[in-house]
Amino acid sequence: MRSVTYSMNVSLDGYIVGPDGDFNWSEPLPDVFRYWIDDIRQVGVHVMGRRLYETMLYWETAEQETTPDEAELEWIGLWNPLPKVVFSTTLSSVQGAARLASGSLAEEIERLRAEPGEGEIAIGGATLAAQAAELGLIDEYRTMVCPVLVGGGIPFFPRDERRVDLELVETRTFSSGVVLLRHRVTR
C-alpha cells in the first residue's frame, strides 16, 4: 500500500508561514533544494490545498519567465508532470497535471492508495495535513527545520492534535543549518 507523507519547511518554533504570511526564510539553498529534488522522485501523486497549489503554480511557467539554473530545470521536469490533486472550495479549475478533488480527503486517499502505481502520496499544506492527521492517514512526517523563529503564523502541526507516537528514521544537517527530521508513525 502506498504511504502518505507530509513534508514541508518549518521554522524552529513550528510554523510553515510567519504571522505576516511570509515564508521567504524557507527558500532553500542548493543542498536543501537537491534534497527536495531527490525527495520528489519518490512521489507518485501530490495532494495539496489551494494555497500551496497557488504557490507552486510558479513552476508551471518558470521557464518562460526566468532563466532557471540546472537544478531548477531538473525540478521543473519532475514537478510539472507529477499528478496533483487540489482541495479547494474556491477554485473552479486548475492547470497542468492537477485536478480538483472530487471527494473527501479520506475518499481521495483511499482511492489513490487503491490505484495501481508507484510512489508515495505526498500531502502539502498545513490545513489539509491537519485533516489527514486527524483521520490517521499520515504515515510519515518530514520536517525541514529552518534556523529561524518567526513567532507565530500557520503551524506545521495542528495545536489540538491527538497523541501520535513516532519513530525517528532519519536526520540530516545541511550546510545552511537546516535540519531534516523524518519520523514514521508507529501503529
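For clarity, every value in this text was computed on a predicted model and none was experimentally measured. As a basis for the values below, the full set of heavy atoms in this structure was taken, side chains included, without hydrogen atoms, waters or symmetry mates. The residues of the chain are indexed from 1 along the displayed sequence.
Considering all non-hydrogen atoms of both residues, A126 and P155 come closest at CB-O, 3.2 Å. I138 and A129 get closest at one heavy-atom pair: CD1-O, 3.6 Å. The two atoms that bring V185 and E140 nearest to each other are CG2-N, 4.4 Å, heavy atoms only. Closest non-hydrogen pair, G44 versus P83, comes out as O-CD, 3.5 Å. Considering every non-hydrogen atom in both A71 and I37, the closest pair reads O-CD1, 3.4 Å. Of all heavy-atom pairs between A97 and P81, the closest is CB-O, 3.7 Å.
N9 places no side-chain N or O within donor-acceptor distance of the main-chain N or O of E27, the cut-off being under 3.5 Å. At distances below 3.5 Å, at least one donor-acceptor pair connects side-chain atoms of K84 with backbone N or O atoms of W79. For the pair E108 (side chain) and G103 (backbone), a donor-acceptor distance under 3.5 Å is present. With S88 contributing its side chain and R50 its backbone, the two residues share no donor-acceptor pair below 3.5 Å. For E107 (side chain) and S104 (main-chain N/O), a donor-acceptor pair under 3.5 Å exists by modelled atom type.
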Show me the donor-acceptor pairs within less than 3.5 Å that the side chains of residues 17-24 make with the rest of the protein, sequence neighbours left out.
residue	atom	partner	partner atom	Å
D20	OD1	D22	N	3.0
D22	OD1	N24	N	3.2

Discussion item. Please evaluate residues F87 and I123 with respect to the criterion side chain to side chain contact (heavy atoms under 4.5 Å, CB included), reporting the C-alpha separation (whole Å), side-chain torsions for both, the decisive distance (0.1 Å), and the verdict.
Written reply: CA-CA 11 Å; F87 281 81; I123 291 187; over 6 Å; no
Worksheet item: Could you walk me through whether F156 and M144 pass the side chain to side chain contact (heavy atoms under 4.5 Å, CB included) check?
Response: CA-CA 11 Å; F156 180 87; M144 191 67 80; over 6 Å; no
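In this structure, the side chains of V4 and Y6 stay at 4.5 Å or more apart for every pair of heavy atoms. For the pair V178/P147, a side-chain contact is recorded, criterion being any heavy-atom separation below 4.5 Å from C-beta on. Side-chain atoms of V10 and F157, non-hydrogen and from C-beta on, never get closer than 4.5 Å to each other. Within the 4.5 Å cutoff, side-chain heavy atoms of E74 are placed close to those of R34. Taking 4.5 Å as the limit, some side-chain heavy atom of Y53 sits within range of a side-chain heavy atom of L91.
In the hydrophobic clustering of this structure, L105 does not group with M1; members are Ile, Leu, Val, Met, Phe, Trp, Tyr whose side-chain heavy atoms approach within less than 4.5 Å, directly or through other members. Grouping the Ile, Leu, Val, Met, Phe, Trp and Tyr side chains by contacts below 4.5 angstrom, directly or via other members, places Y35 apart from V169. No continuous path of ILVMFWY side-chain contacts below 4.5 Å connects W75 to L29, so the two sit in separate hydrophobic clusters. Note on L57 and L73: separate hydrophobic clusters, where clusters join Ile, Leu, Val, Met, Phe, Trp and Tyr whose side-chain heavy atoms are under 4.5 Å apart, directly or indirectly. V145 and L168 fall into different hydrophobic clusters, where Ile, Leu, Val, Met, Phe, Trp and Tyr are joined by side-chain heavy atoms under 4.5 Å apart, directly or via other members.
Applying the side-chain hydrogen bond (donor to acceptor under 3.5 Å, both in side chains) criterion to S11, with sequence neighbours excluded, gives D13. Looking at residues two or more places apart in sequence or on another chain, you find no salt bridge (charged side-chain N to carboxylate O under 4.0 Å, His left out) involving E110. A search for side-chain hydrogen bond (donor to acceptor under 3.5 Å, both in side chains) contacts involving S176 returns nothing, not counting sequence neighbours. In this structure R113 satisfies the salt bridge (charged side-chain N to carboxylate O under 4.0 Å, His left out) test together with D139, sequence neighbours excluded. Scored by the ring-ring contact (aromatic ring centres under 6.0 Å, His included) test, Y15 finds no partners at all (sequence neighbours excluded).
The number of heavy atoms from other shown groups lying within 6.0 Å of CD (E167) is above 12.
Expressed to the nearest 0.5 Å, how far CZ of R2 lies from CD of E115 amounts to 6.5 Å. The structure places CZ of R184 at 10.5 Å from OG1 of T186, a figure rounded to the nearest 0.5 Å. Expressed to the nearest 0.5 Å, how far CD1 of I121 lies from NE2 of H46 amounts to 11.5 Å. Taking CD of E72 as the start and OG1 of T66 as the end, the distance is 6.0 Å to the nearest 0.5 Å. In this structure, CZ on R41 lies 12.0 Å from CG on L82, to the nearest 0.5 angstrom. Distance check, rounded to the nearest 0.5 Å: OH of Y141 to CG of L166 gives 7.0 Å.
Side chains of T127 and R51: a donor-acceptor N/O pair is present below 3.5 angstrom, by distance only.
Taking the six-membered ring where tryptophan is involved, the planes of F33 and W59 are essentially parallel, since the angle between them stays under 30° and well short of 60°.
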